[in-house]
Structure formats: structure tokens, C-alpha cells
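Everything below concerns the one structure shown next.
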Number of protein chains: 2
Amino acid sequence: MILIKIINTLHLLKRLSKYIKKLNTKKKTTIKDIANVLNISTAAVSKALHDDSRISKKTKKAVKQVAKNLNYQPNHLASALRKGKSNLVGVIVPRTNSNFFSSVIENIEEVLNKKGYNIIITQSNESYKKECSNIDTLLFTQVDGIIASMANETIDLEYYEKIKAKGIPLILFDRGENDLNVDYIGINDYESSHVIVEHLVSQGRKRIAHIGGYKHTRIFNNRIRGYVDALKKHGLPLDNELLLESSLTTADGRAKMAELLKLKNRPDAVYIAGDYAALGALQLLNELHIKVPEDIALVGFGNEPFTAMVTPTITSINQHSAEIGKQAALTFLEHAKKEVINQSLNKIILDAELIVRDSSNLKV
Amino acid sequence: MILIKIINTLHLLKRLSKYIKKLNTKKKTTIKDIANVLNISTAAVSKALHDDSRISKKTKKAVKQVAKNLNYQPNHLASALRKGKSNLVGVIVPRTNSNFFSSVIENIEEVLNKKGYNIIITQSNESYKKECSNIDTLLFTQVDGIIASMANETIDLEYYEKIKAKGIPLILFDRGENDLNVDYIGINDYESSHVIVEHLVSQGRKRIAHIGGYKHTRIFNNRIRGYVDALKKHGLPLDNELLLESSLTTADGRAKMAELLKLKNRPDAVYIAGDYAALGALQLLNELHIKVPEDIALVGFGNEPFTAMVTPTITSINQHSAEIGKQAALTFLEHAKKEVINQSLNKIILDAELIVRDSSNLKV
DNA sequence: AAATTTTGGTTAATCGTTTAACCAAAAAAT
DNA sequence: ATTTTTTGGTTAAACGATTAACCAAAATTT
């Protein structure tokens with residue numbers, strides 16, 4: 001009995017060594033190699049590796065042992081081709097070097113990796129053209145789903161419709177579009193504006209300006225609407241001079257602030273729909289020795305880390321990037337579970353949080 | 001003649017419409033569908049789509065037309081499986097939300113996309129464990145190559161050897177290891193320290209401290225060596241109290257600066273091997289109303305955008321992220337061209353550039 | 001002891017593309 | 001008019017894993 005075991009082991013060793021030699025020639029190990037070593041079919045190997053009930057424990061153990069020895073790594077392409085899914089999820093963001101997006105991505109990855117998915121990250125750099133090419137790339141790579149935040153430039157939705165037409169789950173976050181009728185995760189922009197205006201009013205401000213994003217982008221439109229309605233609510237008049245549309249870059253924030261300073265009747269507070277633009281505005285104010293918040297109070301949006309680094313620190317809105325990432329990933333997983341993909345407008349709206357800092361806080 | 005053409009066209013239309021119906025049922029078009037419509041073999045279709053010389057112009061045109069009408073998109077998995085390459089390149093970075101890494105990535109992507117490659121970005125979050133799992137993931141996804149910058153924690157190189165063993169090109173940038181014997185792209189860290197020390201000496205500083213990164217990481221080790229040698233060169237004594245090792249996070253930068261301030265004989269300049277740590281140090285100095293640069297001059301490393309945003313702005317080293325990304329991508333392409341992968345230590349070292357800002361510049 | 005069920009596999013087709021090897025018909029060369 | 005070359009394809013076998021359908025032997029039931 002023991003002798004047989006030893007002989008068997010020796011036999012196995014011999015076969016193994018032959019294959020290990022092959023390994024060194026750099027050809028990757030396949031289930032066929034494992035099958036050959038053990039003199040069983042590739043089907044048995046495949047089943048053993050997936051713990052199929054129709055394979056004996058002994059065989060499973062042997063298969064796994066040999067797989068380890070031969071340093072076997074499953075060929076993802078082959079199984080993906082056969083199963084019709086790639087276990088890859090595409091992510092499109094305007095850019096990765098903003099803290100908001102990189103945090104969203106990190107959390108998407110964390111949730112999806114646990115479920116065996118990998119993500120492919122692409123950047124649109126706020127360009128519609130680049131975004132289209134990203135979509136093509138992702139579809140070409142046979143991703144199982146796409147999680148995206150739209151570029152500033154994007155107005156035409158044709159390319160996104162293409163994703164839907166392919167029957168691939170599409171989930172939008174932050175920068176979305178109602179018209180696409182797909183899942184969306186974001187914060188309550190309309191409400192955020194209210195919170196900001198309320199805060200400024202409580203600080204005694206009477207002439208509150210708003211440097212907003214492009215009106216055609218929903219989130220920025222909501223922030224503008226919120227601003228307008230909040231003014232009304234607090235009995236403040238709406239002055240069109242005080243409502244500007246911007247690309248929200250640092251440079252444009254500076255430029256739009258300069259415009260506001262040219263007015264005969266300057267604002268005493270400025271709410272800017274993006275932190276980078278708020279930074280530009282602050283830099284100009286600092287250079288001109290206009291006191292913040294005493295002369296003009298400043299509020300940004302996004303809670304980028306630098307808002308806590310500059311002087312004075314900038315009041316901003318925390319967008320709950322981690323939660324947005326998680327929810328986006330979970331929403332995708334919901335779709336992935338279902339056989340039929342039934343896309344519909346299903347919004348998850350998170351409450352935003354105002355982080356009050358020096359740029360708007362008069363320490364009385 | 002014309003009649004025949006019309007009849008042919010009608011015939012084609014009929015076949016097409018049948019397939020367009022099939023399209024709506026969401027099954028993806030394959031070359032088989034195109035072959036059926038035109039009554040030719042799939043091989044001919046494949047060749048036509050790749051502009052093979054053995055296919056007539058007429059057929060090529062027809063194939064391309066039908067492909068367009070059926071909204072054909074090649075199945076990347078199938079071709080990758082057959083050709084034994086995925087046209088995917090894996091990128092591993094400590095994190096994406098630093099401007100340096102996101103810029104490197106952007107440039108890698110730009111170069112590789114043009115050559116038909118896509119990239120998969122993964123983050124290690126400075127953790128060795130996460131880095132290993134990232135490598136597994138990428139190998140599993142059958143990437144054609146890996147471009148990586150190592151996590152702070154990484155000392156053991158076993159996992160990277162695994163990549164080499166697989167015969168997949170590995171290119172390191174910024175954070176590399178000589179022992180791995182693979183291509184490396186980075187800046188001249190040793191020389192950068194010299195430039196910094198020289199600058200501080202020219203500003204009249206006599207006691208220059210250095211908050212460095214972990215000594216086991218090559219780049220940080222080089223910066224330390226450069227610092228030590230540059231002091232010697234300028235006839236300044238090396239005081240061990242002034243040389244600290246740090247994780248270079250914002251919090252640790254602050255902590256290490258606090259240590260330096262406790263010294264009986266304080267430094268009059270501090271060179272910090274990372275911008276985030278320099279920021280932490282600056283925040284502490286500002287809070288304690290220690291004047292920068294009058295009392296203590298500060299120099300960071302990396303030229304992160306916020307160095308130009310804070311007060312005072314921080315002098316730093318520009319690492320040429322764009323160029324590093326491009327060179328890394330080009331190096332990969334070199335390997336991809338060759339049949340046999342012959343990895344060897346092949347360094348591309350770029351000259352770094354000192355950006356002088358307020359934190360070290362006494363305007364006399 | 002014969003019939004049935006369970007165990008532990010095997011066989012062969014399949015996913016969509018590529019490609020080596022082959023071939024018939026047309027064109028060119030001798 | 002025959003041979004050679006070129007043109008424009010076709011056939012069939014991969015790539016590696018999965019899975020539906022099948023089956024022999026062993027175990028269990030009747």
C-alpha cells in the first residue's frame with residue numbers, strides 16, 4: 001500500500017519534472033499541461049479547479065497541487081471568450097489628478113476587485129472627442145460595464161447611447177444626464193447651494209455672487225438653480241451681474257473674479273462652483289490685498305485637499321467621493337447579476353456637507 | 001450591366017436586412033455574419049478587414065461597407081487569444097491623485113493608445129500587499145507588459161521577479177530597484193540634491209537639514225547621498241541631528257519638522273524629499289509664526305501644483321513627469337517589437353530642474 | 001441477482017479571430 | 001499551346017477554457 005503510494009509519487013515527480021522543464025522555456029502552463037501530467041481530461045481539470053461536485057476530492061487535490069507546481073495561471077482571455085464576459089469594467093473620468101475622482105476610483109476598485117472584476121481607467125481630459133475615443137476603446141476591450149462621469153464639453157449623447165445599445169450596463173456619477181435614462185449617483189447640488197447661501201446669509205452677507213459652471217451640465221445647472229431659489233428664499237434680490245458662467249479652471253476663476261471686482265457695486269461674498277476656480281479667485285484677492293473673509297467671503301465646492309492648505313483656508317462642500325464610488329460599483333454589480341439589462345433612470349442622491357473654513361468665517 | 005448591379009444591390013439589401021434584424025436582438029455582429037451576408041469565408045473577411053494583399057479591392061470595400069452597416073466591432077478577446085497578446089499594458093502606481101503620477105500616466109496612455117494599446121491602471125496605495133495583488137491581477141488579465149513605480153513598503157522583489165519569469169516586459173520609473181535588472185526611467189536624484197544644497201548655500205544658509213524618504217528606496221537613498229556629498233563639497237559639516245528619515249506624508253513632514261525645532265541648534269534651511277511632507281512642515285512653521293524663508297528656508301521635491309498655491313509658495317524640483325511617461329511607453333514599445341525579451345538594466349536618467357519660489361528666496 | 005442511482009469522470013463542441021497551407025482560375029511568360 | 005506566376009480567395013486548425021451531453025464502473029436499492 002505504502003509502496004504503491006511511493007511509486008505513484010515517483011511517477012508523478014517524473015512527469016512533473018518533464019513539464020517543469022517546459023515551463024522554463026517560458027511557455028505558459030495551460031490546463032492541458034495539468035491534464036497531461038495527471039492523465040485526465042482537460043474538462044476534469046477545469047472542473048476540479050472550479051470545485052465542481054462531479055470531481056472527487058482526491059483528484060481535486062492532485063490537480064491543485066500540480067497547478068501550483070507548474071505555476072499555472074488561468075488564461076483570462078480564453079475563459080472570458082467562452083463565457084462571454086471579460087470581468088473588466090471601464091471607468092471614464094475627466095481626469096484622475098483631482099482628489100474627488102481619484103477617491104471615487106479607489107472605492108470603485110475596492111468593491112469590484114472583491115467580486116473578481118478589474119477596472120480600466122481612462123481620462124477624457126474634459127474633451128468630448130477624447131471621451132468618444134475612450135468609449136470606443138472600452139467597448140473594443142469587451143468591458144462588462146462602464147462607470148462614467150462626463151466631460152465638461154459633452155453635450156451630444158450619441159456615444160453614450162451606443163453603450164446602451166450594446167446592452168452594456170452604464171452607470172453615471174457626478175456629471176450625468178437625465179436624458180440618458182441610466183443609473184446615476186451624485187450629491188444633492190440644488191440643496192448644497194441652499195446650504196451655502198444660508199451659511200453666507202448667517203454671516204451677514206447681502207450681495208452674494210455665484211461663479212457657476214456651464215449651464216448645460218446638470219450638476220452646475222442645479223447649483224445655479226439652487227443659488228437663485230435660495231436668494232429668493234432669503235429675500236435677497238437676484239442681480240444678473242453677480243451670476244457668471246465659467247469653465248471653473250484656476251485661470252478662469254481668477255478671470256471671473258476680476259470681472260466681479262470691476263463692478264461698481266461689488267459683492268460681499270462669492271460662491272464658486274469648483275475649488276480650482278475658487279483657488280484662482282483667492283489668489284487674485286490675496287494679491288490685491290482684499291481681505292478674505294472680511295471684505296469678501298469665499299466658498300468653493302468639492303473639498304479638494306488644497307482648500308485646507310491655502311491661506312486663508314477655503315470653505316467648501318464635501319462630495320462624499322468614497323460613498324459615490326462604492327454606490328456606483330454596487331449599482332454595476334446589481335446589473336451584472338441580472339440576465340436582462342433593463343436600464344432606467346435610478347438616482348442615488350447623497351446629502352452633501354458644508355465644511356466651514358476661514359474664507360467665509362468671521363470669527364466674531 | 002446596370003441591371004445586374006441593381007439586382008445585386010437589391011440582393012445584398014435583402015440579406016443585410018435579415019442581419020440587421022438579428023442585430024436588434026442584441027447579439028453582437030461577428031465576422032461570420034459579414035461572411036454570410038457576402039457569401040465568402042470568414043478568413044476572407046478577416047483578411048479584408050486587415051487590408052491583406054491577397055484580397056481584392058472590391059471585396060475589401062464590400063466587407064467594410066457591410067461591417068459598418070451591421071455595426072461590427074471586432075471581439076478583442078478572440079483576437080487576443082488567438083494572437084497570444086492582449087494589447088493591454090498594466091500600470092502600477094502608488095496612487096493616482098498625485099500630480100506627478102497622473103501626469104506620467106496621461107503620457108503613457110497617449111503614446112500607447114496611438115499604437116493600439118490600452119492601459120490598465122492600478123494603485124498600490126504604498127502597500128506591498130496591494131502591489132502583489134495588483135501584479136497578480138495584471139498577469140491574470142494577460143497584459144503584454146507592465147510599467148510600474150514601486151510602493152514605499154516594497155523591499156522584497158519576489159513578485160517582480162515573477163513578472164520577469166513570465167517573460168513579460170517590465171519597465172520601472174521613479175521608484176525602481178537596480179537589483180531587478182530591468183529598464184528604468186527616472187530623474188537624477190543625486191544631482192538634484194546637489195542643486196538644492198547649492199541653491200540654499202547661495203542664499204547664505206549654513207545649517208541645512210534634510211528630511212529624507214526611506215533609505216531602502218533607491219531614489220530617496222540617492223537624494224540622501226547627494227545631500228551628504230553636497231554638504232561636504234561646500235565645506236559644511238554633516239550633523240546627524242539634521243538628517244531624518246520619514247514616510248514623507250503631510251503628517252510626518254509636520255512631525256519631523258517639530259523634531260528639528262526642538263533642537264538646541266536649529267537649522268536655518270530644510271530640504272524635504274517630498275512636497276506633501278514639505279507642506280506639513282510649512283503648516284507647522286506658519287502656525288508657530290516662524291518666518292519662511294527668513295528664519296528657516298524650505299525646499300520640497302516633486303513640484304506638485306499646490307507648491308505654487310500655498311503661502312509662501314514652496315521651492316521644489318520639477319521631475320519631468322510628461323517625459324518620464326513618454327519614455328516609459330516608448331521603452332515598452334521597443335520590447336514589444338522584439339521577438340525575444342531580453343531584460344537588462346537600461347537606465348534613462350533625466351535632468352531635474354529646480355523651481356525657485358518664495359519659501360527659499362530672500363528677496364534682497 | 002437484477003435494476004437503479006451515484007460517482008467520477010470523458011468527449012466534443014463552442015466562444016470569435018487569425019493564419020498556415022492549400023487551390024482554382026486568370027494572366028503572363030515562354 | 002503549354003508552362004509559370006499571380007490573383008483572390010478557401011479550408012481547417014489553432015488559441016485555452018468551459019460546458020452540455022454522454023458513459024462506464026461502483027454503490028445502493030429492491
Side-chain angles (χ1 to χ4, degrees), chain A residues 19 22-23 26-64 66-67 70-88 116 139-142 144 166, chain B residues 19 22-23 26-64 66-67 70-88 116 139-142 144 166:
Chain A
Y19 272 88
K22 204 175 157 189
L23 220 182
K26 243 161 212 176
K27 271 211 163 181
K28 282 147 199 164
T29 311
T30 70
I31 52 169
K32 210 169 169 178
D33 297 319
I34 300 176
N36 280 340
V37 172
L38 295 169
N39 253 333
I40 56 175
S41 70
T42 60
V45 175
S46 173
K47 283 179 186 160
L49 291 171
H50 289 86
D51 273 325
D52 189 294
S53 66
R54 304 182 88 75
I55 302 294
S56 71
K57 277 186 186 163
K58 204 170 62 179
T59 308
K60 279 182 192 170
K61 207 174 156 187
V63 166
K64 284 173 187 173
V66 174
L70 293 182
N71 198 14
Y72 169 73
Q73 283 228 279
N75 185 322
H76 175 253
L77 297 173
S79 80
L81 175 61
R82 177 61 227 258
K83 294 200 289 193
K85 55 179 293 201
S86 63
N87 272 46
L88 249 32
L139 292 179
F140 176 70
T141 317
Q142 314 287 124
D144 291 341
K166 285 262 164 196
Chain B
Y19 272 89
K22 203 175 155 191
L23 220 182
K26 242 164 214 174
K27 272 211 162 181
K28 281 147 200 163
T29 312
T30 71
I31 54 169
K32 210 169 172 178
D33 297 319
I34 301 176
N36 280 340
V37 172
L38 294 168
N39 252 334
I40 56 175
S41 71
T42 60
V45 174
S46 174
K47 285 179 185 161
L49 291 172
H50 290 88
D51 274 324
D52 189 293
S53 65
R54 303 181 88 74
I55 301 293
S56 71
K57 278 186 184 164
K58 204 168 64 179
T59 308
K60 279 182 192 169
K61 205 173 157 187
V63 166
K64 284 172 187 173
V66 173
L70 293 181
N71 196 16
Y72 168 73
Q73 283 230 280
N75 185 322
H76 175 254
L77 296 174
S79 81
L81 175 60
R82 177 60 227 255
K83 294 200 291 192
K85 56 178 293 198
S86 63
N87 273 47
L88 249 32
L139 292 178
F140 176 70
T141 318
Q142 314 286 125
D144 292 340
K166 286 260 164 199

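Every chain is numbered from 1 and lettered A, B, ... according to where its sequence line falls, protein lines coming before strand lines. Computed from a prediction, not measured in an experiment: that's the story for all the values here.
- Side-chain atoms of A/H76 never come within 3.5 Å of backbone atoms of B/L139 as a donor-acceptor pair (strictly under, hydrogens ignored).
- Residue A/S41 is in base contact, counting any heavy-atom pair closer than 4.0 Å across all strands shown.
- Atoms OH (A/Y72) and P (D/dG16) sit 10 Å apart, rounded to a whole Å.
- The base of C/dT14 sits with one of its N or O atoms less than 3.5 Å from a complementary donor or acceptor on the side chain of A/R82.
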With side chain to side chain contact (heavy atoms under 4.5 Å, CB included) as the test, would you mind laying out the steps for B/I34 and B/V63 before giving the verdict?
CA-CA 7 Å; B/I34 301 176; B/V63 166; 4.2 Å; yes
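- Atom CG in A/D33 sits roughly 9 Å away from atom P in D/dA17 (whole-Å rounding).
- Scanning both residues, B/K166 and A/N71, for their nearest heavy atoms gives NZ-O, 4.0 Å.
- An OP1 or OP2 oxygen of D/dT18 is reached within less than 4.0 angstrom by a side-chain nitrogen or oxygen of A/S46.
- Counting only distance, with no hydrogens or angles, the side chain of A/N87 and the backbone of A/G116 share a donor-acceptor pair below 3.5 Å.
- At the phosphate of D/dG9, OP1 or OP2 sits under 4.0 Å from a side-chain N or O atom of B/T59.
- One can place CG of A/L77 at 14 Å from C1' of C/dT18, the figure rounded to the nearest angstrom.
- For D/dT10, its base sits under 3.5 Å from the side chain of B/K47 at one donor and acceptor pair at least.
- Rounded to an integer number of Å, the gap from B/D52 CG to C/dA20 P is 11 Å.
- Nucleotide D/dA17 holds its C1' atom 11 Å from the CD atom of B/Q142, rounded to whole Å.
- Between D/dT7 and B/S53, no contact under 4.0 Å exists linking OP1 or OP2 to a side-chain N or O.
- For the OP1/OP2 pair of D/dG16 and a distance below 4.0 Å, the side-chain nitrogens and oxygens of A/T30 include no atom meeting the criterion.
- Residue whose closest nucleotide on DNA chain D sits further toward the 5' end, between B/I40 and A/R54: B/I40.
- In this structure, B/L81 places its CG atom 12 Å from P of C/dT17, rounding to the nearest Å.
- Whole-Å rounding puts the A/K85 NZ to D/dA17 C1' distance at 15 Å.
- When the P atom of C/dT18 is taken as reference, atom CG of B/N75 falls 9 Å away, rounded to whole Å.
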